[in-house]
Amino acid sequence: MKIVRTVADVALLVSRTKISGKKVAFIPTMGAIHEGHLSLIALAIKQADLVVSSIFVNPLQFTSSADFELYPRSEDADAKALAKAGVDILFLPTVDEIYPDGKFSVTHTAGKIGSVFEGAARPGHFDGMLTVVSRLFDIVQPDFAVFGAKDAQQLFLIRQMLAAQNPLGIRDPIELLEAPTVRDSRGLALSSRNKRLSKHQLPVALTLPTALDEACLAAERGGGASSAYFSASSVFTATPEAKLEYLALVNPASFEPIEEGFSGQALMIVAATVGEVRLIDNRLITF
Ligand code: PAF
């Protein structure tokens, strides 16, 4: 695996590959690599000839500088894990490389869907996220970009951004690939935050996938949106140590809440806090 730190170096390596007709897949990360990231790389390897990943802790998507400073950084271990997983090029830019000439400001706004659910909890987060993702896309110019289904709202917003950008021809169109959420043996969605859960808190964290399971069962029994919602929220009522922040059923095509009587696939999204650890999860449910 080649490690490159400048825009010029990564752009040169990628363009050489693309000129020879080969396909490039890109997985942007903020490091703290875990099995979930490795599954994105496995999907990229299946699709493309060259796999590029980046580690960049993007200051623009943090709502406080304390959060940004506290974000776990483990460059050496991350680089080893990514090399072992089959990444060909690891891009490790500095802040100046990503935001040159003092252009350290948001250039993309996530709109209405950027300010609800995760966006309500972290104002401005999605604007900063889209700004860096678009900048990284401009630099790397991949054919495919791979993101995890666990961050459903992020994925929705990136898809929406690409749907607006791809037809403009500002760069070659990028195809978005969605990797399914990776779970541990008990069903907990993998996240770098899980490390911060104590032995006592781990079973409490299972409230999230259990609530989603209950909602699925309610729908399978023929219940509608309110029955699925009630089944999931009852799990939280029975486990007050898991503090529910939001639970909603949205249309995956619009991220707008669905109405009772909706038929088709809806996405149940949930966020809850266990101790100090904020967790999210989601599941597609067929009505
Ligand atoms: O999901 C993440 O790790 C980040 O939001 C991303 C997409 C790498 C942008 O900084």
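All ligand and atom numbering here is 1-based and tracks the order in the structure.
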Which atoms of ligand 1 sit under 4.0 Å from any heavy atom of [X]?
X	value
M129	5 (O)
F147	7 (C)
P28	8 (C)
V132	9 (C), 10 (O)

| request: Mind telling me whether F255 and F156 have parallel, tilted or perpendicular rings, with 30° and 60° as the class edges? | output: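 Correct class here is tilted.
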
Heavy atom of the protein closest to [atom] (residue, atom name, distance):
atom	result
atom 4 (C) of ligand 1	Q61 NE2, 3.6 Å
atom 2 (C) of ligand 1	Q154 NE2, 3.9 Å
atom 3 (O) of ligand 1	M30 CG, 3.7 Å

Would [X] and [Y] pass as an ion pair if we require N to O under 4.0 Å?
X	Y	answer
D9	K2	no
E245	R278	yes
D96	K103	no
E75	R5	yes
K18	D172	yes

| field | Nitrogen or oxygen atoms of T29 and ligand 1 under 3.5 Å apart | value |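 No, no N or O pair falls under 3.5 Å.
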
